Novice: 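Quick one: the structure is below, and I'll ask about it shortly.
Position 1 is the first residue of the sequence; numbering continues from there. Given the structure is predicted, the values throughout are model-derived calculations rather than measurements.
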Amino acid sequence: MLGTLIIFAIAGASGYYSYRTWGLGWGITCTLIALVIAWILFSLILRRLIMGRQMKIQEIMSDGQMKVNRQLEMFNRRPPSSMNAARQTLEKIQFEAIRKALTELDGFKKFYVWNMMLPKQINAMKVQLYYQMREYSKVDELLPKSLLFDPQSIGIKLARMYRNNDSGIDKFYKQKCWRFKGENGAFLASVYAWIKIKQDDVPAALDALRNAMKTSDHQTLLENADRLTNGKVKHFSNSGFGDIWYALALEEPKMKNQRQQGRPF
């Protein structure tokens, strides 16, 4: 917000002095030119500052993933005493990296006065990180203040609405999810279909899948639509989406999948 005010102040000052010197025509022209130049310069400077901190966050998460991979290699050489103990060890490594990333995200607060949309973008990133740590109270607190624009964030919103028995889930899906196409549309339609099946509304689930099939031929989408069409509701499965599905914590992966690989960030 402050950045916008400064840009308009610069443009206004340029236009005023041009008007006083060369007249109305040049005043308007110089105002527009100054507005464009100031906006471009401001955007470039702010983007560079933000990208620098984003790179640091990516390094933190990459370092955490490398530690997880090294721990998995150790488990392969020397199997742990129990799968539960192994999972706790991996989660501890992941959560340490996530908390460091959250601390870095708090560093964006100093940029909030320059860009009024930035807080919602940062909140959306925090939502995904808190969700991985299963701190759902934090997720529920941040979701209304977040800009949800990617399938994973919207999938989290659907999952939380389902867990909280939110009656607005159908309206939210129609407003936010139907615009996604291809694999993203297939994923969100399948998440919604899973929820509707749990709510004993198979027709709504099938309708969502068929609508997504207009723009996607994802194998899991097609298989689930066929299962529901033939009354095989109990065989419905989103496992074909892999980690992006299991990251929503609506289902746990089978034990054999847990032994083969750790869940990525």
Side-chain angles (χ1 to χ4, degrees), residues 1-13 34-68 90-161 163-164 166 168 172 175-177 179-180 184 188 243-244 247-249 263-265:
M1 188 66 179
L2 180 59
T4 303
L5 293 176
I6 292 175
I7 290 171
F8 278 108
I10 292 173
L35 182 65
V36 172
I37 293 175
W39 187 271
I40 292 174
L41 290 175
F42 172 78
S43 298
L44 289 174
I45 293 171
L46 185 61
R47 184 179 301 174
R48 177 167 293 186
L49 292 172
I50 291 175
M51 286 183 64
R53 189 167 290 273
Q54 286 179 330
M55 290 296 294
K56 190 171 183 179
I57 293 172
Q58 290 177 6
E59 289 175 2
I60 291 172
M61 300 302 286
S62 296
D63 182 63
Q65 186 62 62
M66 290 175 63
K67 290 180 180 179
V68 169
L90 295 175
E91 284 186 345
K92 181 180 179 180
I93 298 172
Q94 290 179 339
F95 291 176
E96 286 177 355
I98 290 174
R99 294 194 184 280
K100 289 181 181 179
L102 285 168
T103 299
E104 285 297 320
L105 284 174
D106 286 336
F108 280 103
K109 289 180 179 179
K110 59 187 177 183
F111 301 122
Y112 287 178
V113 295
W114 303 103
N115 187 331
M116 60 183 178
M117 294 302 297
L118 187 59
K120 290 190 174 184
Q121 295 173 3
I122 298 303
N123 285 340
M125 296 172 66
K126 287 183 177 181
V127 161
Q128 295 196 29
L129 295 176
Y130 279 121
Y131 201 87
Q132 288 186 57
M133 294 192 296
R134 298 187 290 277
E135 295 188 15
Y136 299 128
S137 60
K138 287 282 189 180
V139 173
D140 292 340
E141 177 186 344
L142 290 172
L143 274 172
K145 299 179 286 187
S146 301
L147 182 63
L148 306 179
F149 55 88
D150 65 286
Q152 190 65 30
S153 295
I154 293 176
I156 288 174
K157 174 70 173 180
L158 287 171
R160 292 310 300 157
M161 293 181 81
R163 293 297 192 192
N164 293 327
D166 193 325
F172 174 79
Q175 289 180 341
K176 297 288 186 179
C177 303
R179 60 187 174 86
F180 285 89
N184 292 336
L188 291 176
D243 292 314
I244 190 175
L248 296 181
R263 189 179 299 175
F265 294 112

Novice: Locate the shortest heavy-atom distance separating Cys177 from Leu158; write the atom from each residue and the value.
Specialist: SG-CD1, 4.1 Å
Novice: With rounding to the nearest 0.5 angstrom, report the CD1 to CD distance, Ile60 to Gln65.
Specialist: 14.5 Å
Novice: Would you sort out whether Arg160 and Asp166 count as a salt bridge (charged side-chain N to carboxylate O under 4.0 Å, His left out), showing the intermediate values?
Specialist: CA-CA 8 Å; Arg160 292 310 300 157; Asp166 193 325; over 6 Å; no
Novice: Do Met61 and Gln58 touch side chain to side chain, with heavy atoms closer than 4.5 Å?
Specialist: no
Novice: Using the test side-chain hydrogen bond (donor to acceptor under 3.5 Å, both in side chains), find all partners of Lys100 that sit at least two apart in sequence or belong to another chain.
Specialist: none
Novice: Quick check for you: to the nearest 0.5 Å, what is the distance between Met125 atom CE and Ile122 atom CD1?
Specialist: 5.0 Å
Novice: Between Arg134 and Tyr136, is there a side-chain heavy-atom distance shorter than 4.5 Å?
Specialist: yes
Novice: Give the minimum heavy-atom separation between Leu129 and Leu105, together with the two atoms involved.
Specialist: CD1-CD1, 3.6 Å
Novice: Not counting sequence neighbours, which residues clear salt bridge (Lys or Arg N to Asp or Glu O under 4.0 Å) with Lys138? List them please.
Specialist: none
Novice: Quick one: pull up CD in Gln94 and CD in Glu96 and give me the separation to the nearest 0.5 Å.
Specialist: 11.0 Å
Novice: Any donor and acceptor pair, going by atom type alone, linking the side chain of Asn123 with main-chain N or O of Pro119 inside 3.5 Å?
Specialist: yes
Novice: Looking at Ile156 and Val127, what are the two nearest heavy atoms and their distance?
Specialist: CG2-CG1, 3.9 Å
Novice: Sequence neighbours left out, what passes side chain to side chain contact (heavy atoms under 4.5 Å, CB included) with Lys176? Give chain and number order.
Specialist: Phe172
Novice: If every non-hydrogen atom of Ile57 is compared with every non-hydrogen atom of Ala101, which pair is closest and at what distance?
Specialist: CG2-CB, 4.0 Å
Novice: Just how far is it from atom CD1 of Ile98 to atom CD of Glu91, taken to the nearest 0.5 Å?
Specialist: 9.5 Å
Novice: Run the side-chain hydrogen bond (donor to acceptor under 3.5 Å, both in side chains) test against Glu59 and tell me which residues pass, sequence neighbours left out.
Specialist: none
Novice: Side chains of residues 143-154: which donor-acceptor pairs under 3.5 Å do they make with residues two or more places apart or in other chains?
Specialist:
residue, atom, partner, partner atom, Å
Ser146, OG, Leu142, O, 2.6
Asp150, OD1, Ser153, OG, 2.7
Asp150, OD2, Gln128, NE2, 3.2
Asp150, OD2, Gln152, N, 3.3
Asp150, OD2, Ser153, N, 3.1
Asp150, OD2, Ser153, OG, 3.4
Ser153, OG, Gln128, NE2, 2.9

Novice: Restricting to side-chain hydrogen bond (donor to acceptor under 3.5 Å, both in side chains), what partner residues turn up for Arg99, sequence neighbours left out?
Specialist: Glu135
Novice: Roughly how far, to the nearest 0.5 Å, is NZ of Lys157 from CG of Leu248?
Specialist: 14.0 Å
Novice: To the closest 0.5 Å, what do you measure between NZ (Lys92) and NZ (Lys67)?
Specialist: 11.5 Å
Novice: Testing the basics here: between Tyr131 and Ala159, what is the closest heavy-atom pair and its distance to 0.1 Å?
Specialist: OH-CB, 3.4 Å
